[in-house]
Amino acid sequence: GLGTVDVVHTDSDGWSVIKTKAFNFVPPPQLKSLNPKAGPAAGGTTVTLTGSFFATGAKGSAFGDKTSRVMICSHFVNKSNCVEVPKSQIEVKDGKTIIIKTPKQVSGLSDVAVINPDGQTAVLNQAFLFRPPPKIVGITPNSGSTLGSEVIQIIGSGFQVGATVRFGTVVAKKVVVVDSTKLQVT
């Protein structure tokens with residue numbers, strides 16, 4: 001069961017002693033979802049973790065830290081590419097919500113783990129995508145008029161909707177993300 005229970009000791013002579021409400025069964029954390037589910041590998045994305053039974057206990061040197069920790073790993077079970085989110089980047093709102101700022105991590109999908117002070121852990125496998133930075137490998141044409149209005153095609157990787165393009169200090173008027181490898185810019 002969960003919650004506070006009595007502790008009963010019975011010795012070999014049959015004598016028993018009861019200490020009422022002396023032990024508390026603590027459920028393990030449950031991590032159900034996170035939002036958003038992706039951000040840059042450079043880190044800095046604010047992510048809300050939702051679930052239940054996150055530790056919200058006392059903080060401070062007299063008590064030790066009794067709040068949940070958060071680890072982000074390529075594979076938590078193997079402890080592969082694990083990064084612990086610094087305490088300064090974790091806000092345990094209540095037993096159901098934790099807000100973190102992602103640390104720098106290798107590109108790709110990562111497991112997200114919430115670890116309570118008693119060691120009980122909840123993991124969402126491959127739940128957050130760390131995107132690599134965009135790369136430009138080609139521009140066609142590679143020259144044009146200062147008057148603009150020409151369509152320029154940029155080839156590369158990691159392009160996303162909402163991207164902006166500058167030619168020196170001049171911001172492109174229109175950027176169309178054809179897909180993650182191609183932009184059309186005017």
S.K.: Check whether D111 reaches the backbone of F76 with its side chain - one donor and one acceptor, N or O, closer than 3.5 Å.
M.R.: yes
S.K.: Honestly curious: do I136 and V177 fall in one hydrophobic cluster under the side-chain, below-4.5 Å linking rule?
M.R.: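 Linked within one cluster.
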S.K.: Report yes if some heavy atom in the side chain of T140 is under 4.5 Å from a heavy atom in the side chain of I155; otherwise report no.
M.R.: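 T140 vs I155: side chains apart.
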S.K.: Starting at CD of E91, measure out to OG1 of T48 and round the result to the nearest 0.5 Å.
M.R.: 9.5 Å
S.K.: Answer yes or no: is there a side-chain heavy-atom contact under 4.5 Å between K32 and S52?
M.R.: yes
S.K.: Between S33 (side chain only) and L31 (backbone N and O only), is there a donor and an acceptor less than 3.5 Å apart?
M.R.: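 No, because the side chain of S33 does not come within donor-acceptor range (under 3.5 Å) of the backbone of L31.
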S.K.: Any sub-3.5 Å donor-acceptor pair from Q105's side-chain atoms to S110's backbone N or O?
M.R.: no
S.K.: Hey, could you give me the OG1/CG distance between T50 and N35, rounded to the nearest 0.5 Å?
M.R.: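 So the OG1 of T50 and the CG of N35 are separated by 8.5 Å.
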S.K.: As a quick check of understanding, evaluate side-chain contact (heavy atoms from CB on, under 4.5 Å) for S180 and Q160, giving each step before the final call.
M.R.: CA-CA 6 Å; S180 65; Q160 299 176 40; over 6 Å; no
S.K.: When you compare the side chain of F167 with that of V185, does any pair of heavy atoms fall below 4.5 Å?
M.R.: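 Sidechains of F167 and V185: in contact.
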S.K.: Of all heavy-atom pairs between A22 and K19, which one has the smallest distance, and what is that distance?
M.R.: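 Taking A22 first and K19 second, the nearest heavy atoms are CB-CG, 3.2 Å.
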S.K.: Under 3.5 Å, is there a donor-acceptor pair between the side chain of D13 and the main chain of W15?
M.R.: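 No, D13 side chain to W15 backbone: no donor-acceptor pair under 3.5 Å.
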S.K.: For the residue pair V47 and V112, establish whether any side-chain heavy-atom pair is separated by less than 4.5 Å.
M.R.: no
S.K.: Heavy atoms, side chains only, cut-off 4.5 Å: are V70 and L49 in contact?
M.R.: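 Side-chain contact under 4.5 Å: yes.
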S.K.: Give the C-alpha distance, both sets of side-chain angles, the deciding distance and a yes or no for side-chain contact (heavy atoms from CB on, under 4.5 Å) between T45 and K101.
M.R.: CA-CA 5 Å; T45 302; K101 191 162 287 209; over 6 Å; no
S.K.: May I ask you to check whether K87 and T67 show a side-chain donor-acceptor distance below 3.5 Å?
M.R.: yes
S.K.: For N78 and S80, indicate whether the former's side chain and the latter's backbone hold a donor-acceptor pair under 3.5 Å.
M.R.: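 Flag not set: sc N78 to bb S80 has no pair under 3.5 Å.
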S.K.: Is it true that a side-chain atom of Q120 and a backbone atom of V26 form a donor plus acceptor pair closer than 3.5 Å?
M.R.: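 Confirmed, Q120 side chain pairs with V26 backbone.
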S.K.: Decide yes or no on side-chain hydrogen bond (donor to acceptor under 3.5 Å, both in side chains) for S68 and N116, but give the supporting numbers first.
M.R.: CA-CA 4 Å; S68 296; N116 278 352; 2.4 Å; yes
S.K.: A side-chain contact here means heavy atoms from C-beta on lying under 4.5 Å apart; do I154 and V165 qualify?
M.R.: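 Yes. Closest side-chain heavy atoms under 4.5 Å.
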S.K.: Once you round to the nearest 0.5 Å, how far does CD1 of I139 lie from CD1 of I152?
M.R.: 8.0 Å
S.K.: Could you report the tightest heavy-atom contact between T97 and D94, atom names first, then the distance?
M.R.: N-OD1, 2.9 Å
S.K.: P103 and V85: which non-hydrogen atoms are nearest, and at how many Å?
M.R.: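 For P103 and V85, the tightest heavy-atom pair comes out as CD-CG2, 3.9 Å.
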S.K.: Hey, what do you get for OG1 (T164) to CG (L183), rounding to the nearest 0.5 Å?
M.R.: 10.0 Å
S.K.: Shared ILVMFWY cluster between I98 and L34, side chains joined below 4.5 angstrom?
M.R.: yes
S.K.: Is there a side-chain contact between F128 and T102 (heavy atoms, below 4.5 Å)?
M.R.: yes
S.K.: List the steps, then state whether side-chain contact (heavy atoms from CB on, under 4.5 Å) holds for F159 with D179.
M.R.: CA-CA 7 Å; F159 301 143; D179 59 36; over 6 Å; no
S.K.: Do V83 and L124 land in one hydrophobic cluster if side-chain heavy atoms of ILVMFWY residues count as linked below 4.5 Å?
M.R.: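 Different clusters.
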S.K.: Are V92 and I115 linked, directly or through intermediate hydrophobic residues, by side-chain heavy-atom contacts shorter than 4.5 Å (ILVMFWY only)?
M.R.: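 The answer is no; the residues belong to distinct hydrophobic clusters.
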S.K.: Please report the interatomic distance OG(S107) to CZ(R131), rounded to the nearest 0.5 Å.
M.R.: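 S107 atom OG to R131 atom CZ measures 10.5 Å (nearest 0.5 Å).
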S.K.: Roughly how far, to the nearest 0.5 Å, is OG of S16 from NE2 of H9?
M.R.: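 Result: 8.0 Å between the selected atoms.
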S.K.: I'd like to check Q184 versus K174 (side-chain heavy atoms, cut-off strictly below 4.5 Å). Are they in contact?
M.R.: no
S.K.: Flag yes if F25 and V7 sit in one hydrophobic cluster, no otherwise; membership is Ile, Leu, Val, Met, Phe, Trp, Tyr, and two members link when side-chain heavy atoms are under 4.5 Å apart.
M.R.: yes
